[in-house]
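Ligands are counted one by one from 1 in listed order, and the atoms in each one are counted from 1 as well.
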Amino acid sequence: MRLGFLGTGEIAAAMLRGLKGQGHDIRVSPRNAEMARILAAEMPGVRIAPNEEVVAGSEVVFLCLLARVAWEVLPGLPFRADHKVISVMVDAPLARLRAVCAPAADIAIAIPLPPIAQGGCPLPVYPASPVLETLYGARNPVLPQPSEAALAAHLGVSAICAPILDQLLAAADWLAGFTGDPRAAEAHVAAMIRAYLPQRAQGGDMAAALAGLSTEGGLNATLRAAMRGARDDLRRGLDGFRDRLGLPEGGA
Ligand SMILES: NC(=O)c1ccc[n+]([C@@H]2O[C@H](COP(=O)([O-])OP(=O)(O)OC[C@H]3O[C@@H](n4cnc5c(N)ncnc54)[C@H](OP(=O)(O)O)[C@@H]3O)[C@@H](O)[C@H]2O)c1
């Protein structure tokens with residue numbers, strides 16, 4: 001497939017690395033110049049081209065720009081009606097993308113995360129995108145969403161990664177205070193949490209894991225009760241995204 005990437009920053013690099021070995025003909029824009037050079041050297045089939053050529057020479061165009069840059073750059077590029085466009089940009093609603101990428105109309109918004117480079121990264125998308133499934137579906141769970149609001153909620157929930165990691169680090173730090181070995185403490189906490197997370201959680205798997213940790217008077221149940229406020233803080237923080245993400249009233 002002929003693929004183009006506009007914007008060669010952190011997320012574009014991860015998405016490109018996630019395509020390694022698939023044999024696509026890929027054009028990347030020259031910015032970030034250093035990253036574009038590294039990727040072209042690292043992956044056969046990747047070449048650097050001006051933005052116009054990235055669009056003109058591709059069947060599928062990935063938009064990996066900052067949104068404020070995109071609104072300036074995209075209207076001048078040679079989009080065609082037969083292009084498939086996949087935007088990964090935050091703060092870039094579908095209606096505005098349709099306006100700046102016209103006459104291209106086959107446009108989807110996806111939410112990749114940097115671990116897509118290795119695979120196993122959840123990939124919510126709206127509307128459903130068969131080409132995204134073809135390119136990434138073998139190594140990542142692609143999750144089509146019923147509405148743009150549902151996709152925005154997925155974006156909101158992706159923000160739990162930092163606070164959860166922060167708590168895990170606090171626990172590892174506490175442990176290292178007694179063992180004197182910060183590396184082993186971090187390895188232990190990471191392995192323990194990994195072991196508890198189901199590989200492919202179906203509805204109910206996480207609740208079942210939690211139930212297994214709920215022995216009355218046990219250490220897990222005791223710490224959970226002591227931290228009850230943290231659960232409310234999480235809900236409040238996620239609710240704080242409603243305006244920014246355009247989430248409807250009601251919902252959760
Ligand atoms: N990073 C993530 O984890 C992540 C996850 C999901 C979605 N996103 C979204 O993906 C988009 C990119 O994020 P990022 O983290 O990859 O940002 P980034 O590392 O700053 O990448 C943006 C890229 O756009 C390039 N650029 C600037 N002006 C350009 C132009 N006129 N033509 C072509 N390229 C141009 C920049 O090059 P210079 O460095 O030369 O300016 C840079 O390489 C954002 O909208 C973000 O919301 C990011």
Side-chain angles (χ1 to χ4, degrees), residues 3-19 26-43 46-58 60-79 83 85-101 107-126 129 132 135-136 139-145 148 150-166 241 244-247:
L3 310 178
F5 282 76
L6 290 172
T8 315
E10 184 184 354
I11 200 65
M15 294 187 82
L16 280 154
R17 289 180 171 130
L19 294 170
I26 303 175
R27 291 168 177 78
V28 300
S29 50
R31 288 178 60 179
N32 165 315
E34 173 68 2
M35 182 58 82
R37 194 186 55 70
I38 290 170
L39 289 164
E42 191 178 301
M43 288 178 61
V46 172
R47 70 181 111 144
I48 302 168
N51 287 347
E52 291 73 13
E53 201 182 313
V54 169
V55 174
S58 303
V60 184
V61 182
F62 286 90
L63 308 180
C64 303
L65 299 160
L66 300 179
R68 65 180 158 73
V69 174
W71 307 138
E72 287 174 21
V73 169
L74 297 179
L77 296 176
F79 285 101
H83 268 130
V85 177
I86 296 173
S87 169
V88 303
M89 301 186 299
V90 176
D91 299 325
L94 207 47
R96 195 162 178 193
L97 287 169
R98 289 212 174 99
V100 293
C101 297
I107 302 176
I109 304 176
I111 309 173
L113 299 171
I116 198 170
Q118 296 88 48
C121 175
L123 200 46
V125 59
Y126 175 79
S129 168
L132 190 76
L135 291 169
Y136 289 101
R139 298 179 61 205
N140 305 275
V142 177
L143 310 172
Q145 296 305 307
E148 201 166 356
L151 186 78
H154 277 263
L155 186 58
V157 94
S158 71
I160 68 168
C161 297
I164 299 287
L165 278 171
D166 192 38
F241 291 148
R244 179 169 169 187
L245 298 177
L247 294 169

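Between Phe62 and Phe5, the two ring planes are parallel [angle under 30°; tilted spans 30° to 60°].
With hydrogens and angles disregarded, no donor-acceptor distance shorter than 3.5 Å links the side chain of Asn140 to the backbone of Val142. A donor-acceptor pair is defined here as one N or O able to donate and one able to accept, closer than 3.5 Å; such a pair exists between the side chain of Ser129 and the backbone of Leu132. A donor-acceptor contact shorter than 3.5 Å links the side chain of Arg139 to the backbone of Gly18. Side chain of His83 to backbone of Ala56: no donor-acceptor contact under 3.5 angstrom is found.
Protein residues with a heavy atom closer than 4.0 Å to ligand 1 are Gly7, Thr8, Gly9, Glu10, Ile11, Ser29, Arg31, Asn32, Asn51, Cys64, Leu65, Leu66, Val69, Val73, Val88, Met89, Val90, Pro112, Pro114, listed by chain and number.
The two residues Asn51 and Ser29 make their nearest non-hydrogen contact at OD1-CB, 2.9 Å.
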